[in-house]
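Order of listing sets the numbers, starting from 1, for every ligand and every atom in it.
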Amino acid sequence: MEILHVSAECYPVAKAGGLGDVVGALPKYQNKLGHIAKVVMPMYRTKYLFDHEFEVVHKGGFAVANYWFDYTIIKETSQKTGFDLYLVDIYGILDREKVYGYDDDSFRFTAFQIAVVDWLSKWQHQPEIVHVHDHQAALIPFMMKHCYAYNHLAQIKTILTIHNAEYQGWMGWDKSNYIPHWDPWKSGMLEWGDVINPLASGIKCADKVSTVSPGYLEELRYSANGLESLFEYEKGKCIGILNGIDTEVWNPEIDHYIEANYGLEDLGAMKAANKKVLCDQFNLDEDKPLIVFIGRLVGEKAADLLPAAIGDSIYHLEGRMNFLVLGSGESWIEHQLQNLRGHFMGYYNAQIGYNEKLSHQMYAGADFLLMPSRVEPCGLNQMYAMRYGTIPIVRKTGGLKDTVKDFGDEGGYGITFQNASVWDISHSVYRALELFDQEEKFSAIRRQIMQIDNSWEKSAEIYLNLYHS
Ligand code: ADP
Ligand code: GLC
């Protein structure tokens with residue numbers, strides 16, 4: 001079977017979060033299963049672009065609101081990613097340094113989608129499945145079915161995977177001229193709540209819809225940022241498929257980003273060596289349990305609770321632990337986390353920004369990883385942490401609930417809590433300290449989590465069943 005994935009992110013080309021990791025891994029595993037999976041994404045001005053060789057495979061153009069845009073599709077020649085990688089270049093629109101965060105993002109991603117559909121319509125060799133990811137690619141099923149210029153593609157089946165329904169790509173109707181002419185009777189297929197809602201359109205128009213964990217799909221029926229009734233109505237075509245992790249990239253035995261590689265046999269000594277590197281760099285005490293947070297500093301991740309929860313834990317638990325935070329996001333959260341450093345020197349530190357290497361070192365060197373997320377469609381961090389023998393402390397929501405079982409339960413191995421609140425986080429930190437002090441149990445759990453199989457193999461098969469259906 002031949003599948004074309006369409007996404008705004010794909011690791012290692014460009015990544016802002018877990019979407020990049022998933023789109024960089026799933027196609028590779030689909031190819032290993034004997035299928036042909038390819039990826040098309042925007043050509044941003046990233047380091048990857050300059051470090052790799054590309055060839056031009058197609059040139060075309062399209063008109064939007066009386067302006068003409070030329071686009072070029074380039075293909076990477078080395079195949080090092082494990083799949084055919086295509087980039088869409090639209091001069092001045094997509095070729096920027098960041099993936100998101102520009103005022104004209106609605107236009108940028110609509111143009112990206114038009115270029116993909118236009119290219120597909122001219123490509124003699126067409127895939128059997130077009131698999132689109134998140135709202136930045138979710139207008140494609142509509143375009144393929146209802147835009148006059150492209151509805152000869154309507155027989156190709158489409159799948160939408162929702163990595164995060166909080167972001168829907170809303171556009172006012174004044175932007176309707178971004179979308180190529182469509183059958184006016186089908187306007188309802190673009191709309192939700194009086195605006196153009198690309199994610200809602202994808203849910204309505206795709207042949208099948210998946211979310212990145214079964215637990216998240218359940219939650220969307222009552223909490224989906226306004227789309228609850230749509231999920232209820234379309235539930236027949238929705239399925240929750242848990243993400244996997246790329247065990248070639250996330251493997252402590254060969255990870256070139258970390259200071260000391262390790263496996264089960266030298267876990268204790270090498271994790272200690274990795275922890276020392278972090279403690280030396282961030283002025284922390286290697287004898288105390290190290291609890292880390294890695295992620296986007298936004299409300300969804302409950303990052304706003306971190307300053308109070310960290311302060312409360314250090315104060316009430318008498319500084320028996322250390323905290324280290326890596327992240328970027330809302331500036332007021334960044335400032336609070338930076339200011340906290342002055343109050344708890346030697347107990348807490350934070351690096352504000354995005355740093356792939358440091359994130360790997362933290363998964364390797366930490367004792368615990370904290371994820372108090374209010375919303376977590378799947379979450380990859382907890383799975384990476386476990387693969388590196390770092391015990392997850394998570395709120396029971398979405399994919400976190402599906403992947404972490406509390407050590408107080410039969411066969412459990414993590415620390416879970418109910419509410420995104422300072423109290424619940426502090427209480428979980430207390431439980432982490434108790435566990436850390438029970439050396440035998442602590443080390444048995446580390447060994448147990450390193451052996452959990454969260455690889456893509458299983459989920460890649462489930463996606464193939466979905467395509468067949
Ligand atoms: P989300 O996609 O919602 O941000 P996930 O848990 O699915 O959450 O994936 C987050 C990914 O982004 C992980 O690979 C994590 O290590 C990485 N990440 C997040 N913030 C940073 C950061 N500041 N520096 C490096 N990596 C980060
Ligand atoms: C989104 C979600 C995250 C998920 C990731 C990959 O960014 O917020 O929970 O793991 O996508 O699917």
Side-chain angles (χ1 to χ4, degrees), residues 5 7-12 14-26 98-100 131-137 160-168 199 210-217 219-220 224-225 240-247 249-250 255 257-258 292-303 306 324-330 333-334 337 350-364 366 369-388 390 392 394-395 397-404 454 456 459 463:
H5 290 272
S7 169
E9 298 177 36
C10 174
Y11 180 83
K15 161 178 166 184
L19 169 65
D21 285 347
V22 169
V23 179
L26 173 61
K98 286 189 301 178
V99 176
Y100 315 112
H131 187 153
V132 302
H133 296 264
D134 272 353
H135 75 82
Q136 298 88 357
L160 165 68
T161 291
I162 299 173
H163 296 259
N164 199 330
E166 291 298 297
Y167 308 99
Q168 300 169 10
L199 193 73
S210 73
T211 62
V212 290
S213 71
Y216 185 53
L217 180 58
E219 284 174 16
L220 287 172
N225 206 4
I241 304 176
L242 193 67
N243 284 335
I245 61 172
D246 189 335
T247 47
V249 176
W250 298 94
D255 188 334
Y257 282 131
I258 65 176
V292 300
F293 173 96
I294 301 167
R296 294 181 290 120
L297 301 176
V298 295
E300 246 180 282
K301 302 281 178 194
L306 289 175
L324 179 60
V325 172
L326 167 64
S328 60
E330 304 273 2
I333 305 179
E334 292 183 353
L337 286 168
Q351 172 129 339
I352 303 302
Y354 189 92
N355 188 330
E356 191 75 27
K357 180 172 167 33
L358 177 59
S359 74
H360 284 242
Q361 187 63 37
M362 286 169 70
Y363 291 117
L369 173 100
L370 174 63
M371 290 181 82
S373 311
R374 293 193 175 90
V375 181
E376 198 59 83
C378 178
L380 299 171
N381 299 18
Q382 79 281 12
M383 296 197 262
Y384 297 149
M386 291 194 279
R387 180 120 172 96
Y388 284 68
T390 297
V394 305
R395 179 170 167 251
T397 185
L400 297 175
K401 198 170 57 186
D402 291 350
T403 51
V404 181
N454 279 316
W456 264 112
S459 299
Y463 272 109

Counting from 1 in the order shown, the ligand 2 atoms closer than 4.0 Å to a non-hydrogen atom of Val22 are 6 (C), 12 (O)
Of all protein heavy atoms, the one nearest atom 16 (O) of ligand 1 is Tyr363 OH, 2.7 Å
Is the closest N or O pair between Lys301 and ligand 2 shorter than 3.5 Å?
no
Begin from the C-alpha positions of His131 and Tyr463 and carry the test ring pair (Phe, Tyr, Trp, His ring centres under 6.0 Å) through to its verdict.
CA-CA 10 Å; His131 187 153; Tyr463 272 109; 5.5 Å; yes
Which ligand 2 atoms does Val212 reach within 4.0 Å, using its non-hydrogen atoms?
12 (O)
Per-atom filter on ligand 1: closer than 4.0 angstrom to a heavy atom of Tyr384 are 13 (C), 14 (O)
Heavy-atom nearest neighbour in the protein, as seen from atom 5 (P) of ligand 1, with distance rounded to 0.1 Å
Leu380 N, 3.7 Å
Residue, atom and distance of the protein heavy atom nearest atom 22 (C) of ligand 1 read Tyr354 CD1, 3.5 Å
Lys301: heavy atom below 4.0 Å from ligand 1, yes or no?
yes
Based purely on interatomic distance, does Cys378 place a nitrogen or oxygen under 3.5 Å from a nitrogen or oxygen of ligand 2?
yes
Using a 4.0 Å heavy-atom cut-off, say whether Asp21 meets ligand 2 through its side chain, its backbone, both or neither.
neither
Which atoms of ligand 1 have any heavy atom of Asn381 under 4.0 Å away?
5 (P), 6 (O), 9 (O), 10 (C), 11 (C), 13 (C), 15 (C)
Atoms of ligand 2 close to Gly379 [distance to a heavy atom under 4.0 angstrom, numbered from 1]
3 (C), 4 (C), 9 (O), 10 (O)
Closest to atom 24 (N) of ligand 1 among protein heavy atoms sits Asn355 N, 3.0 Å
Check this for me - ligand 2, His163, N or O atoms closer than 3.5 angstrom, yes or no?
yes
Looking only at distances, can you tell me whether any N or O atom of Gly18, backbone or side chain, sits closer than 3.5 Å to an N or O atom of ligand 2?
no
Those residues that, when tested against Asp255, pass salt bridge (Lys or Arg N to Asp or Glu O under 4.0 Å) (two or more places apart)
none
Gly379, any N or O under 3.5 Å of ligand 1 N or O:
no
